[in-house]
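This report refers to the structure that appears directly beneath it.
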Amino acid sequence: MKDILLRSLSGLLYVILLIVVLSLNTPHPFNILFFILGMLSLFEFNKLIQLKSVIPYFIFVVLYLIFGYWRMVLSSNAGLDEATQILTVLTIFVDLFLIKDLFSRKTIPLFSTKRFIITTFYLSSGFVFLVLIASVFSPKILLGCFILVWVNDSFAYLVGKNFGKQKLFEKISPKKTVEGFLGGLFFSCIASYFISNYTETLNFTNWLILSIFITVFGTLGDLIESKFKRQASVKDSGTIMPGHGGLLDRLDSIIFASPFIYLFLRILHYVS
């Protein structure tokens with residue numbers, strides 16, 4: 001009972017903190033919070049892949065300052081649109097390779113160069129795109145995306161636990177089921193209707209598409225992180241959140257989905 005209470009309190013604190021920061025009209029608390037979350041997640045991920053170099057932290061700081069601080073705080077787009085397009089292509093390219101490794105290999109190859117590539121274009125870029133979604137489009141859109149992740153995770157767990165029979169990816173995550181995945185998708189689609197009415201940012205159709213994107217790519221991101229943890233022979237990425245594990249365990253879905261969400265929003269902006 002004590003463990004359940006501790007898990008609930010730490011999870012509630014995490015949710016409240018994100019909602020409050022994303023609801024504020026000033027970018028400074030948002031920038032600071034996501035910088036801290038990014039550095040902590042990077043620390044956890046470096047431990048998973050046994051990378052002791054300080055270079056990934058330096059790269060994260062540089063990327064965050066350029067794409068986060070410059071655009072959001074100084075309101076300047078000089079040269080950033082072209083740089084963002086390049087970063088989008090490289091990040092999605094690396095993410096697609098991680099998906100390939102997830103399905104085609106027993107273990108994800110982690111030679112020295114690939115460790116730096118993954119930390120840069122999987123994790124650091126993932127946080128950059130979270131910032132870009134909030135600064136280029138709207139913090140309410142990012143908040144809606146987080147809510148869709150929480151809805152998907154919650155109902156995937158509940159449906160899978162009570163009705164799950166067919167394993168989704170047993171070798172990587174034995175508890176995930178096809179029924180749970182479909183349950184998470186179904187309730188995310190329902191949640192997208194209420195989010196479209198509450199946020200007044202995108203119409204229902206666009207939020208419905210985003211809910212599908214987040215469910216599919218969020219699940220893939222969760223599986224990829226599970227594969228990294230299995231290779232490292234650990235259950236959780238860290239211990240910072242009592243009852244939940246590490247920050248990366250909570251953010252893996254949205255980190256992986258963020259470049260695909262950003263790309264969809266950019267395409268939507270150009271065609272509308």
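Position 1 is the first residue of the sequence; numbering continues from there.
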Ring geometry between F127 and F34 (parallel below 30°, tilted from 30 to 60°, perpendicular above 60°): perpendicular

Partners passing salt bridge (Lys or Arg N to Asp or Glu O under 4.0 Å) against K227 (at least two apart in sequence or in another chain): none

Q166 side chain to E179 backbone, donor-acceptor under 3.5 Å: no

In one Ile/Leu/Val/Met/Phe/Trp/Tyr side-chain cluster, 4.5 Å: Y122, F58: yes

Exercise: identify the closest heavy-atom pair between S211 and S192: CB-CB, 4.1 Å

Side chain to side chain, L143 and L18, heavy atoms closer than 4.5 Å: no

Backbone N/O of T88 and side chain of T91: donor-acceptor pair under 3.5 Å: no

Distance in Å, L142 CG paired with L132 CG, rounded so as to fall on 0.5 Å steps: 10.5 Å

Pairing of D153 and R250 as salt bridge, 4.0 angstrom limit: no

Any side-chain heavy-atom pair of I209 and L268 under 4.5 Å: no

Expected output: side-chain T120 to main-chain F116 donor-acceptor under 3.5 Å: yes

Closest non-hydrogen atom pair, L247 against S41: CB-OG, 3.9 Å

Greater than 12 external heavy atoms within 6.0 Å of F204's CZ: yes

Same apolar cluster: L80 and V89, side chain cutoff 4.5 Å: no

L48 vs K229, side chain to side chain contact (heavy atoms under 4.5 Å, CB included): CA-CA, chis, key distance, verdict: CA-CA 6 Å; L48 284 183; K229 289 190 292 186; 3.9 Å; yes

F93 ring center within less than 6.0 Å of F97 ring center: yes

Minimum heavy-atom distance R115-Q50, with the two atoms named: NE-O, 4.1 Å

N/O donor-acceptor pair under 3.5 Å between S253 side chain and T219 backbone: no

Y157 atom OH, over 12 foreign heavy atoms within 6.0 Å: no

Side-chain donor or acceptor of E44 paired with backbone N/O of L248 under 3.5 Å: yes

Non-hydrogen side-chain atoms of L220 and V216 separated by less than 4.5 Å: yes

Side-chain donor or acceptor of N206 paired with backbone N/O of L202 under 3.5 Å: no

Check: F260 ring centre within less than 6.0 Å of F213 ring centre: no

Minimum side-chain heavy-atom gap S173-L168 below 4.5 Å: no

D252 side, atom CG; F228 side, atom CZ - distance, nearest 0.5 Å: 11.5 Å

Heavy-atom side-chain contact between R266 and Q85 under 4.5 Å: yes

Evaluation steps, side chain to side chain contact (heavy atoms under 4.5 Å, CB included), between F169 and F103: CA-CA 9 Å; F169 210 131; F103 289 101; 3.5 Å; yes

More than 12 heavy atoms of other groups within 6.0 Å of K47 NZ: no

Student check: side-chain heavy atoms of K140 and L22 closer than 4.5 Å: no

I133-I32 co-clustered via ILVMFWY side chain contacts under 4.5 Å: yes

Stepwise ring pair (Phe, Tyr, Trp, His ring centres under 6.0 Å) check, F35 with F60: CA-CA 9 Å; F35 180 81; F60 175 80; 5.7 Å; yes

Pair L51-F45, side chain to side chain contact (heavy atoms under 4.5 Å, CB included): steps then yes or no: CA-CA 8 Å; L51 182 59; F45 186 68; over 6 Å; no

Test log, rule salt bridge (charged side-chain N to carboxylate O under 4.0 Å, His left out), inputs K114 and D101: CA-CA 12 Å; K114 188 166 184 176; D101 288 343; 2.5 Å; yes

Verdict with reasoning, N152 to F181, per side chain to side chain contact (heavy atoms under 4.5 Å, CB included): CA-CA 8 Å; N152 175 63; F181 170 79; 5.6 Å; no

Criterion side chain to side chain contact (heavy atoms under 4.5 Å, CB included) against I195, the qualifying member of L210, I147, V151: I147

NZ/K161: more than 12 non-hydrogen atoms of other groups inside 6.0 Å: no

Shared hydrophobic cluster for L208 and Y198 (ILVMFWY, side-chain gaps under 4.5 Å): no

Residue list, salt bridge (Lys or Arg N to Asp or Glu O under 4.0 Å) with D222, at least two apart or on another chain: K176

Nearest-0.5 Å distance, CG of residue L148 to CD1 of residue I214: 4.5 Å

CZ/F186: more than 12 non-hydrogen atoms of other groups inside 6.0 Å: no

Gap between atom CD1 of I118 and atom OG of S124 - 0.5 Å precision: 12.0 Å

Rounded distance [0.5 Å steps], CD1 in I66 versus CG in L87: 10.0 Å

CD1 on I267 to OH on Y262, rounded to 0.5 Å: 11.0 Å

Residue pair N46 / S53: nearest heavy atoms and the distance that separates them: ND2-O, 4.4 Å

Heavy-atom side-chain contact between I261 and I254 under 4.5 Å: yes

Shared hydrophobic cluster for L123 and V54 (ILVMFWY, side-chain gaps under 4.5 Å): no

Minimum heavy-atom distance between F256 and P259, given as atom pair plus value: O-CD, 3.4 Å

Atom of Y64, atom of N31 and distance for their closest heavy-atom approach: OH-O, 2.7 Å

Heavy-atom check, side chain of T199 versus side chain of I141, under 4.5 Å: no

Whether R230 side chain and K171 backbone form a donor-acceptor pair below 3.5 Å: yes

